[in-house]
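First listed ligand is number 1; within each ligand, the first listed atom is number 1. Computation of the quantities below employed the complete heavy-atom set of this structure, encompassing side-chain atoms and omitting hydrogens, waters and symmetry-equivalent molecules.
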Amino acid sequence: MAMTRAQGQESQRMQQGEGPAAVLAIGTANPSGTIVSQDEFADQFFRVSKSDHFTALKEKLKRICHKTGIEKRHFHMNEEILCAHPEFLDRELPSLDARVDIVAAEVPKLAESAAVKAITEWGRPATDITHLVFSTYSGCRAPSADLQLASLLGLRPTVCRTILSLHGCYGGGRALHLAKELAENNRGARVLVACSEITLVCFSAPDGSNLVGQALFGDGAGAVIVGAGPFAAGERPLFEMVTATQTTIPGTEYALGMQVAGGGIDFHLAIQVPMLLGQNVEQCLLDAFRSALGDDVDVTWNDLFWAVHPGGRPILDKIEEVLKLEPMKLEASRRVLREYGNMSGATIVFVLDELRRRMQEEGDHGNQLPEWGAMMAFGPGITIETMILHTPRHPKGN
Ligand SMILES: CC(C)(COP(=O)(O)OP(=O)(O)OC[C@H]1O[C@@H](n2cnc3c(N)ncnc32)[C@H](O)[C@@H]1OP(=O)(O)O)[C@@H](O)C(=O)NCCC(=O)NCCSC(=O)/C=C/c1ccc(O)cc1
């Protein structure tokens with residue numbers, strides 16, 4: 001059969017979604033097991049790891065915990081697991097197999113809890129999902145967590161799955177970026193984004209190099225349904241994903257990283273990370289806005305709403321300082337950090353959920369959050385994912 005170039009172009013156009021992709025529903029979940037107050041974390045961590053005699057290290061961890069801006073975190077890890085696996089405390093002992101056995105089962109289950117909430121809110125059957133993008137730093141096995149999640153949710157066998165491994169804290173941003181591209185280029189596509197992180201793969205006894213990570217990271221999962229028009233009855237865009245960019249800060253590979261080793265995943269966070277992000281975020285935002293709205297776009301940062309990955313309290317402080325943001329602008333990020341800590345790739349989904357909650361609350365009081373916003377997530381590279389968001393205004397009652 002012969003097809004002309006024009007017919008080919010028309011056929012391609014017919015396969016594309018209408019308008020920018022949008023977030024249609026959001027769900028989040030945390031392990032129900034252990035909730036640790038940040039005030040008590042150092043005492044508890046040193047007790048269970050039998051490290052109370054390292055008094056200087058413990059005092060340092062207390063100083064760090066006090067400065068994190070975190071009030072509590074959720075963990076799958078508990079004393080029962082530690083009793084069964086004392087090797088998790090000693091980086092020199094082989095423990096990767098046992099860790100992977102646990103997270104291979106738990107990471108998809110946690111993702112399922114978040115995804116069920118998102119799918120329920122979306123209101124369509126799980127079998128209408130066409131694509132799945134799964135992000136985790138705990139995926140060291142194939143078939144992986146994406147396939148298990150697809151089975152747990154009863155997705156159709158033709159669902160197109162992609163797993164993003166070891167993207168760390170920008171995994172959620174990258175997954176949403178990819179979902180936008182999939183939805184806009186496949187008419188009728190409905191993409192489930194799932195990010196699920198369990199710190200058990202990184203857990204170890206305190207030493208001179210791991211205190212910041214142990215004080216910062218927590219467990220959680222976030223799920224988002226993404227789709228472009230035409231929208232089905234009942235589907236309601238929460239955030240339109242207007243444009244998305246990824247930038248790597250040259251020469252900063254050393255600053256953030258993780259390494260899968262026999263004794264678990266090691267990670268490092270250089271002390272310069274907040275400064276490096278502070279020096280680069282404004283340019284990323286300008287580039288993203290120019291690509292969305294043209295070179296002569298004039299943006300006032302305080303006129304936007306903000307969904308920034310709360311990688312750490314000084315990162316939020318630095319971004320607030322360089323963009324001269326009013327104090328409440330990063331409140332959604334600060335609240336998520338306070339309540340859950342840094343859940344790596346899943347965190348940005350919690351921030352979007354918090355923003356959506358605030359929008360509803362403000363709307364109920366007759367106020368509205370700004371129409372335009374920016375989402376940013378950071379991770380190893382140093383990589384910065386930026387997305388420009390727009391909130392459609394729904395007439396009351398719709
Ligand atoms: C709460 C901190 C640790 C301290 O707050 P501060 O305002 O800087 O306070 P201080 O300057 O008084 O520092 C307190 C102590 O912490 C030490 N410190 C201060 N940052 C440091 C430091 N990166 N190292 C090692 N000591 C330090 C600092 O030297 C000091 O030690 P000391 O003088 O003995 O009390 C704060 O710096 C903080 O949150 N830092 C982390 C920022 C950060 O890099 N976040 C990660 C962003 S990217 C991301 O989210 C995830 C990436 C990821 C990667 C791998 C994965 O597996 C998963 C995910």
For ligand 1, is any non-hydrogen atom under 4.0 Å from Lys67's backbone (N, CA, C, O), its side chain (CB onward), both, or neither? both

Report the member of Gly208, Pro274, Cys169 with the shortest heavy-atom distance to atom 50 (O) of ligand 1. Cys169

Just to confirm my output: which protein heavy-atom neighbour is closest to atom 6 (P) of ligand 1, and how far is it? Arg313 NH2, 3.6 Å

Could you tell me which non-hydrogen atom of Ala288 sits nearest to which non-hydrogen atom of Thr386, and how far apart they are? CB-CG2, 3.8 Å

Among Glu354, Glu362, Glu361, find the residue that satisfies the salt bridge (charged side-chain N to carboxylate O under 4.0 Å, His left out) test when tested with Arg358. Glu354

Protein contact for atom 11 (O) of ligand 1 (heavy atom, distance under 4.0 Å): no

Could you establish whether Phe217 and ligand 1 come within less than 4.0 Å of each other, counting only heavy atoms on the residue side? yes

Okay, side chain of Asp146, backbone of Leu149: is any donor-acceptor separation there less than 3.5 Å? no

Tell me which protein heavy atom sits closest to atom 36 (C) of ligand 1, plus the residue, atom name and distance to 0.1 Å. Pro314 CG, 3.3 Å

Answer yes or no: does an N/O atom from Met258 fall short of 3.5 Å to an N/O atom of ligand 1? no

Backbone N or O of Phe46 within a donor-acceptor pair of the Lys58 side chain at under 3.5 Å? no

What do the steps show when you test Arg356 against Glu121 for salt bridge (charged side-chain N to carboxylate O under 4.0 Å, His left out), and what is the final call? CA-CA 13 Å; Arg356 171 266 286 275; Glu121 181 191 337; 2.8 Å; yes

Out of Leu337, Leu316, Ile315, the nearest non-hydrogen contact to atom 47 (C) of ligand 1 is supplied by Ile315

Heavy atoms of Leu89 and Ser49 approach each other most closely as CD2-CB, 3.4 Å

Heavy-atom proximity to atom 48 (S) of ligand 1 ranks first, among Leu211, Thr199, Leu256, Val212, for Leu256

Polar side-chain atom of Lys318 near backbone of Gly278 as donor-acceptor pair, under 3.5 Å: no

Does some non-hydrogen atom of the protein lie less than 4.0 angstrom from atom 34 (O) of ligand 1? yes

Students should be able to answer this: which protein heavy-atom is nearest to atom 32 (P) of ligand 1, and at what distance? Arg63 NH2, 3.6 Å

Looking at atom 46 (C) of ligand 1, what's its closest protein heavy atom, distance included? Gly311 O, 3.7 Å

Where Trp306 and Leu325 come nearest, the two heavy atoms and their spacing: NE1-CD2, 3.7 Å

On a heavy-atom basis, which atom in Gly19 and which in Ala228 lie closest, and how many Å separate them? O-CB, 4.1 Å

Is the distance between the ring centroids of Phe267 and Phe217 under 6.0 Å? yes

Part of Ser209 with heavy atoms under 4.0 Å of ligand 1, whether side chain, backbone, both or neither: neither

Quick one: look up the protein heavy atom nearest atom 58 (C) of ligand 1 and list residue, atom name and how far away it is. Ser344 OG, 3.8 Å

Short version for Ile271: what comes under 4.0 Å of ligand 1, heavy atoms counted, is both

Taking N or O atoms only and a 3.5 Å limit, does Leu269 qualify as a polar contact for ligand 1? yes

For atom 30 (C) of ligand 1, is some protein heavy-atom partner under 4.0 Å away? no

Would you say His309 touches ligand 1, if touching means a heavy atom closer than 4.0 Å? yes

Nearest to atom 16 (O) of ligand 1, what protein heavy atom do you find, and at what distance? Ile64 CG1, 3.5 Å

For ligand 1, which part of Leu216 has a heavy atom less than 4.0 Å away: the side chain, the backbone, both, or neither? side chain

If you count every heavy atom of other residues, nucleotides or ligands that lies below 6.0 Å from Asp97 atom CG, does the total exceed 12? no

With a 3.5 Å distance limit and no angle check, can you tell me whether Arg91 reaches the backbone of Gly263 through a side-chain donor-acceptor pair? yes

